[in-house]
Amino acid sequence: MQRLVIALTLVLAGISLTGKAQAQFGFWRRVVIDIERNKHWPQPFQTWDRQAQRAPWVVMVDKGWQLENTVGGFHFDRETQQLTAAGQHKVRWIVTETPLQRRTVFVQRGANNEETSIRIDAVQRAVAGYVAEGPLPEVVATNQAPPGSPADIIDRVYRGRDASQPAPVLPAASDSSGGGQ
């Protein structure tokens with residue numbers, strides 16, 4: 001009976017702790033948690049550290065895929081804003097060969113909203129023609145311009161380089177026999 005009274009007294013005393021006593025109890029509770037955490041260091045923090053180290057790389061990979069999957073202004077006809085042959089090949093590659101989680105098609109914005117909407121419609125029609133079944137990949141407008149140049153300019157550069165090369169000619173034979181006099 002005496003033990004029951006002591007236990008009840010302790011419980012009631014614990015319930016009616018003052019604010020200062022509760023703060024001290026909370027302090028010691030955090031100390032115990034810190035001691036336990038320090039026993040297992042660095043294990044609890046390795047996952048966070050790894051995520052922090054990988055975060056910039058994830059952003060870079062995402063931006064790289066965005067640039068790779070961007071249909072640029074040079075993939076569209078200048079007057080009609082319809083896809084050129086190179087643009088159709090680019091869209092087909094994006095929706096058929098890129099990894100499934102990377103099949104978003106980014107379309108470089110035109111000079112105004114009307115051009116942009118015509119470009120997006122042209123790309124959506126092309127995407128619908130290349131995807132046989134399942135959901136269609138998303139088509140998104142972007143301000144980011146992909147690296148590259150129109151194919152006709154690159155063709156002219158290479159043809160000009162080939163045209164300016166001299167014909168291969170062997171040097172004339174010399175009369176020296178290679179020996180002394």
*asked:* Taking Arg159 first and then Asp162, would you say they form a salt bridge - that is, a charged N and a carboxylate O separated by under 4.0 Å?
replied: no
*Non-hydrogen atoms of Gln165 and Arg161 that approach each other most closely*: CG-O, 3.0 Å
*Can you name the nearest heavy-atom pair linking Pro137 to Arg103, along with the distance?*
CB-O, 2.8 Å
*asked:* With a 4.0 Å cut-off on N to O distance, would you call Arg119 and Asp77 a salt bridge?
replied: no
*Test side chain to side chain contact (heavy atoms under 4.5 Å, CB included) on Leu83 and Phe76 and set out the steps.*
CA-CA 4 Å; Leu83 283 169; Phe76 296 96; 3.5 Å; yes
*Answer yes or no: does atom CD of Glu114 have more than 12 heavy-atom neighbours from other residues, nucleotides or ligands under 6.0 Å?*
no
*Hey, mind stepping through Gln124 and Asp121 against side chain to side chain contact (heavy atoms under 4.5 Å, CB included) and telling me if it holds?*
CA-CA 5 Å; Gln124 286 175 335; Asp121 289 341; 3.8 Å; yes
*Counting heavy atoms not belonging to Gln101, are there more than 12 under 6.0 Å from its CD?*
yes
_So for atom CG, which belongs to Asp62, do other residues, nucleotides or ligands contribute more than 12 heavy atoms lying within a distance under 6.0 Å?_
yes
*Nearest 0.5 Å, what's the CH2-CD distance between Trp41 and Gln46?*
8.5 Å
_side-chain hydrogen bond (donor to acceptor under 3.5 Å, both in side chains) partners of Arg109, counting only residues at least two apart_ = Asn143
*Nearest heavy atoms of Gly72 and Pro146, plus distance in Å*: CA-CG, 3.6 Å
_Once rounded to the nearest 0.5 Å, what's the spacing between atom CD1 of Ile94 and atom CD of Glu68?_
8.0 Å
*Between Thr70 and Gln144, does any side-chain donor sit less than 3.5 Å from a side-chain acceptor?*
no
*Looking at CD of Gln88 and CZ of Arg125, how far apart are the two atoms once the value is rounded to the nearest 0.5 Å?*
10.5 Å
*Working for side chain to side chain contact (heavy atoms under 4.5 Å, CB included), residues Gln53 and Asp49*: CA-CA 6 Å; Gln53 288 296 314; Asp49 289 343; 5.6 Å; no
